Amino acid sequence: MKWGENKGKVFVWLPGSLLSAYDFYPFAKELVNQGYCVLSIDHYGHGLTEIPKEDLDFWNFADDLAHLLKHEEVNQTVIAGFSRGAYLATAFYQKYPEMVRAIILEEGGSVSFKRMFDEMEQDKLEEFLLTVEFPDDLKELLFAAYGSDFEIYKNIKSLEDSDSLWQSFGFMKRKEKQWILYKGLNEYMHMQDRLRYLQVLNSPESTSKYAASMVNIDPLRIYAKLDVPLLIIEAKGPDDLFDTSKGNNDLKNLHPDLIQLKVYDCDNHNLHYACPDQFKETLKFFLDKL
């Protein structure tokens with residue numbers, strides 16, 4: 001999705017797992033008013049982007065994103081992402097540092113994915129793994145194939161009747177004679193159940209290139225020679241199972257002059273959804289300094 005015209009200042013947003021380009025809709029206008037052209041990109045299997053027939057990794061996605069930016073006549077961009085999207089942003093910086101003006105990482109991309117789990121206490125790891133697989137009734141509502149897009153809409157409405165419900169159409173895809181929302185996506189990410197999730201963490205080489213990308217991103221190594229401003233937005237809400245404080249501070253201490261770390265307690269993960277006003281203020285303050 002695109003908001004505003006490219007007048008030299010460009011901001012790219014990469015959404016997290018099970019989110020679409022509409023994820024940045026509530027914030028785009030603010031950035032356009034700051035003079036930015038905003039691009040929110042559906043990565044592989046997300047939004048209206050199909051799951052690739054080839055096994056492509058995060059660096060292949062970086063190639064595709066670079067091609068898109070060149071098509072849009074973008075020489076440099078602020079690259080930003082949430083969760084999985086933040087790891088994709090880190091992969092993009094690793095491969096195309098010359099195209100990056102600044103980086104914003106919300107709850108991902110700044111600490112090794114594997115490290116987060118290695119540093120968890122066993123009881124917290126077990127608690128998390130219990131949440132990986134969706135209940136059967138939820139699978140039926142969101143992960144099956146349906147006769148129409150309206151049927152998917154009704155399913156989502158039965159779970160959450162919000163003003164932003166229309167954005168779900170940005171994830172519905174027609175596949176032959178049926179409509180799908182998330183069908184096949186968890187399998188594509190190799191995170192559909194406890195065993196597959198642990199396989200990604202402990203033996204990524206036995207999974208797909210795409211699935212293994214999450215644990216092959218090494219932020220401390222990638223950002224060792226960082227030469228652009230980097231904003232890390234960390235969630236530290238109540239009962240948060242993941243403590244990324246040490247990892248984020250390890251990274252910040254590599255380049256204290258370039259890296260800002262902002263920590264908020266309004267949610268355990270999705271800060272831009274839980275506290276949008278704080279998120280807008282944080283973005284504005286960081287972007288105004290560029």
Side-chain angles (χ1 to χ4, degrees), residues 1-16 19-43 47 58-59 61-110 217 219 222-223 225-234 248 251-252 254-262 264 270-273 276-290:
M1 298 191 70
K2 180 179 180 180
W3 296 269
E5 297 300 319
N6 180 8
K7 298 178 181 178
K9 293 169 63 177
V10 179
F11 180 99
V12 169
W13 179 256
L14 303 175
L19 296 174
S20 77
Y22 276 115
D23 182 48
F24 204 73
Y25 176 84
F27 313 103
K29 184 178 178 180
E30 302 276 346
L31 268 64
V32 171
N33 290 340
Q34 286 181 253
Y36 280 90
C37 171
V38 179
L39 300 171
S40 187
I41 311 296
D42 288 326
H43 47 93
F58 284 16
W59 295 272
F61 175 81
D63 293 337
D64 290 340
L65 179 55
H67 181 78
L68 172 65
L69 293 176
K70 289 170 185 175
H71 176 76
E72 291 289 327
E73 298 182 342
V74 175
N75 295 319
Q76 273 199 324
T77 183
V78 176
I79 185 86
F82 164 64
S83 195
R84 178 175 293 261
Y87 284 95
L88 287 162
T90 293
F92 184 80
Y93 177 74
Q94 181 181 17
K95 194 156 190 185
Y96 294 97
E98 73 283 357
M99 297 187 72
V100 176
R101 182 183 177 205
I103 307 161
I104 300 172
L105 305 174
E106 180 194 352
E107 278 290 284
S110 55
I217 296 282
I222 292 170
Y223 291 122
K225 295 183 179 180
L226 179 73
D227 60 359
V228 297
L230 167 60
L231 170 64
I232 301 170
I233 304 176
E234 176 188 332
N248 281 329
L251 181 56
K252 184 180 186 302
L254 288 180
H255 306 282
D257 55 329
L258 287 173
I259 299 177
Q260 297 179 40
L261 172 60
K262 299 294 183 182
Y264 296 108
N270 193 336
L271 293 168
H272 66 277
Y273 179 81
D277 291 338
Q278 286 177 282
F279 181 73
K280 288 179 188 177
E281 182 181 341
T282 300
L283 285 190
K284 186 177 188 308
F285 183 81
F286 179 73
L287 295 174
D288 281 348
K289 300 292 185 181
L290 298 181

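In this text the structure is predicted, and so the values were computed from the model without any measurement.
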[X] and side-chain contact (heavy atoms from CB on, under 4.5 Å): which single residue from [options] fits?
| X | options | result |
| --- | --- | --- |
| Leu69 | Leu39, Asn6, Asn75 | Leu39 |
| Tyr223 | Ile259, Leu105, Val228, Leu258 | Leu105 |
| Leu88 | Leu65, Leu14, Ile79 | Leu14 |

Taking atom [atom1] of [X] as the centre, does the number of heavy atoms from other residues, nucleotides or ligands within less than 6.0 Å exceed 12?
| X | atom1 | answer |
| --- | --- | --- |
| Lys29 | NZ | no |
| Glu281 | CD | no |
| Tyr264 | OH | yes |
| Glu73 | CD | no |
| Tyr25 | OH | no |

Separation of Phe61 CZ from Leu68 CG (nearest 0.5 Å)
8.5 Å
If you round to the nearest 0.5 Å, how far is CG of Leu261 from NZ of Lys252?
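Here the rounded value is 7.0 Å.
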Heavy-atom side-chain proximity of [X] to [Y] below 4.5 angstrom:
| X | Y | value |
| --- | --- | --- |
| Val78 | Val12 | no |
| Tyr93 | Met99 | no |
| Asp63 | Lys95 | yes |

Can you give me every donor-acceptor pair (side chain of residues 283-290, partner residue at least two apart or in another chain, under 3.5 Å) with its distance?
residue	atom	partner	partner atom	Å
Lys284	NZ	Asp288	OD2	2.8
Asp288	OD1	Gln34	NE2	3.2

Indicate whether any N or O donor in one side chain lies under 3.5 Å from an N or O acceptor in the other, for Asp42 and Ser20.
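Side chains of Asp42 and Ser20: no pair found under 3.5 Å.
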Would you say [X]'s side chain and [Y]'s backbone share a donor-acceptor pair under 3.5 angstrom?
| X | Y | answer |
| --- | --- | --- |
| Thr77 | Val10 | yes |
| Glu234 | Glu106 | no |
| His43 | Pro15 | yes |
| Ser83 | Gly16 | no |

Considering non-hydrogen atoms only, spot the tightest contact between [X] and [Y] and give its length.
| X | Y | value |
| --- | --- | --- |
| Trp13 | Asp23 | NE1-OD2, 3.0 Å |
| Ala91 | Phe58 | CB-CB, 3.9 Å |
| Lys262 | Thr282 | CG-CG2, 4.0 Å |
| Gly81 | Ala89 | N-CB, 4.5 Å |
| Ala21 | Trp3 | O-CH2, 4.1 Å |
| Ile232 | Ser110 | CG2-OG, 3.8 Å |

For residues [X] and [Y], establish whether the separation of their ring centroids is below 6.0 Å.
| X | Y | answer |
| --- | --- | --- |
| Phe27 | Phe279 | yes |
| Phe11 | Phe24 | yes |
| Phe82 | His272 | yes |

Chi angles and distances behind the side chain to side chain contact (heavy atoms under 4.5 Å, CB included) call for Lys9, Arg101:
CA-CA 9 Å; Lys9 293 169 63 177; Arg101 182 183 177 205; 3.9 Å; yes
Asp64: salt bridge (charged side-chain N to carboxylate O under 4.0 Å, His left out) partners, not counting sequence neighbours
none
Go through the structure and list residues passing salt bridge (charged side-chain N to carboxylate O under 4.0 Å, His left out) with Lys280, not counting sequence neighbours.
Glu30
Before giving the answer on side chain to side chain contact (heavy atoms under 4.5 Å, CB included), spell out for Leu226 and Ile103 the whole-Å C-alpha distance, their side-chain angles and the decisive distance to 0.1 Å.
CA-CA 10 Å; Leu226 179 73; Ile103 307 161; 3.9 Å; yes
